[in-house]
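Here's the structure we're looking at; comments come further down.
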Amino acid sequence: MKLVLASATVCFVLCSAAPPAEAQIYTWRDASGQLVLSNKPQSAGAASVTTYRVPGAALMRTTTKPANVTKNNRYDDLIHQHAAQFGLSVDLVRAVIQAESGFNPHAVSPKGAMGLMQLMPATARELGVMDPFQPSDNIRGGVTYLAGLMNRYQQNVELALAAYNAGIGNVTRYGRVPPFRETQDYVKKITGAAAQKITRAGQAVIYKWTELVDGRPNTRYSNVPPKDIAFEVLGKR
């Protein structure tokens, strides 16, 4: 019933507009399944976009405020589960998902990266991700990859994020965050969004321990001490 009333309202506005004008209207569904209408195309990574020409579209106004995607908690349980498994900050993982896909599980980048954490096809295969558009599978793979980068760069968040965005080869080549505007902005955006919670106002204790995975020692780091495992306190960051 609401859809019928909304359509009638739009028709009234369009029919009463003089002189008639035409504008492109783009529609898509966001991560929560809600229909979005805009006079601007969706950002890169749209799964599907339909275009209409609607007379008088420039005069249309929305009657409800759009959802705040920065507070999207639809996948919090999955984020907590996989972040805890690999000793990563929940807020870091959430910030990466926000930057990568805006919490759109169907996002596809121009380069072919897929899903919530924008996994490239080769990376997804290496991580055993069967369906990159399935949130649980994608988040598991993305967190596994991010945790591997954190270990590789000795818990240096900036270098791990730079490698996630620009590739390990570019970080190795420059020995630091590569001088690419996109990568530098990416690192700043994520660390800025997550820093307050990651560092607990700048005073987070970092714990280190070793556990066996498939018979091999695996070093873990976290701001939460492990249970029933000997650990080392590295200090505060």
Side-chain angles (χ1 to χ4, degrees), residues 28-33 36 41-49 66-86 88-153 156-171 177-178 180-198:
W28 64 89
R29 291 193 180 276
D30 64 15
S32 63
V36 179
Q42 189 180 12
S43 59
S48 62
V49 176
N68 187 342
V69 296
T70 61
K71 295 183 179 180
N72 193 319
N73 59 2
R74 184 176 181 181
Y75 306 108
D76 270 5
D77 288 345
L78 291 173
I79 293 172
H80 278 270
Q81 174 189 339
H82 295 296
Q85 179 181 354
F86 289 94
L88 292 183
S89 161
V90 167
D91 297 291
L92 175 60
V93 175
R94 186 183 290 111
V96 169
I97 295 175
Q98 177 64 45
E100 289 287 344
S101 67
F103 286 91
N104 179 3
H106 305 295
V108 179
S109 78
K111 294 182 179 179
M114 302 171 289
L116 289 167
M117 298 192 73
Q118 290 290 274
L119 302 177
M120 293 297 290
T123 302
R125 286 193 297 270
E126 289 179 11
L127 297 169
V129 175
M130 302 301 293
D131 182 359
F133 299 108
Q134 205 282 331
S136 179
D137 211 9
N138 188 285
I139 293 176
R140 178 193 61 77
V143 171
T144 300
Y145 184 58
L146 181 59
L149 293 175
M150 289 287 285
N151 286 336
R152 182 186 185 95
Y153 297 110
N156 186 310
V157 176
E158 288 78 12
L159 291 182
L161 291 174
Y164 196 100
N165 176 262
I168 294 172
N170 281 315
V171 174
V177 176
F180 310 145
R181 175 62 63 85
E182 176 189 342
T183 302
Q184 292 181 346
D185 289 347
Y186 176 87
V187 172
K188 289 179 181 178
K189 179 179 181 180
I190 293 178
T191 55
Q196 182 175 359
K197 293 181 179 179
I198 291 173

Take D91 and R94, measure what salt bridge (Lys or Arg N to Asp or Glu O under 4.0 Å) needs, and give me the verdict at the end.
CA-CA 5 Å; D91 297 291; R94 186 183 290 111; 3.1 Å; yes
Got a second to check how far Y153's OH is from L161's CG, nearest 0.5 Å?
11.5 Å
Donor-acceptor under 3.5 Å (N156 side chain, L159 main chain)
yes
Taking all atoms of both residues into account, what is the closest heavy-atom pair of A147 and F86, and its distance?
CB-CB, 3.7 Å
Out of R181, K189, E182, which one pairs with D185 under the side chain to side chain contact (heavy atoms under 4.5 Å, CB included) rule?
R181
My understanding is that only residues two or more places apart in sequence, or in another chain, count here; which of them pass side chain to side chain contact (heavy atoms under 4.5 Å, CB included) with D131?
F133, Q134, D137
Would you say the side-chain atoms of Q118 pair up with the backbone N or O of A107, donor to acceptor, closer than 3.5 Å?
yes
Determine, step by step, whether V157 and I190 satisfy the side-chain contact (heavy atoms from CB on, under 4.5 Å) criterion, reporting the C-alpha distance in whole Å, the side-chain angles of both residues, the deciding distance to 0.1 Å, and the verdict.
CA-CA 10 Å; V157 176; I190 293 178; 6.0 Å; no
pair I97-M117: side-chain heavy atoms closer than 4.5 Å:
yes
Looking at every heavy atom in both M150 and A160, which two are closest together, and how far apart are they?
SD-CB, 3.6 Å
Correct closest heavy-atom pair for A83 and V90 would be CB-CG2, 4.0 Å
For the CD1 atom of I139 and the OG1 atom of T144, what is their distance to the nearest 0.5 Å?
11.5 Å
CG on D77 to NE2 on H82, rounded to 0.5 Å:
10.5 Å
To the nearest 0.5 Å, what is the distance between CG (L116) and CG (L78)?
9.0 Å
What are the two closest heavy atoms between P178 and A166, and how far apart are they?
CG-CB, 4.3 Å
For Y75 and F103, take the angle between the two ring planes, folded into 0 to 90°, and tell me which bin it lands in: parallel under 30, tilted 30 to 60, perpendicular over 60.
parallel
Residue set satisfying side-chain hydrogen bond (donor to acceptor under 3.5 Å, both in side chains) with T183, at least two apart, ordered chain then number -> N165
Restricting to non-hydrogen atoms, name the atom on E158 and the atom on T191 that form the minimum distance, rounded to 0.1 Å.
OE2-CG2, 4.1 Å
What distance separates N138 CG from L119 CG, expressed to the nearest 0.5 Å?
4.5 Å
Write down the atom of M114, the atom of M120, and the distance for their closest heavy-atom approach.
CE-C, 4.4 Å
For Y186, what residues pass the side-chain hydrogen bond (donor to acceptor under 3.5 Å, both in side chains) criterion, not counting sequence neighbours?
E100
V129 and T123: side-chain contact (heavy atoms from CB on, under 4.5 Å), yes or no, with the steps?
CA-CA 9 Å; V129 175; T123 302; over 6 Å; no
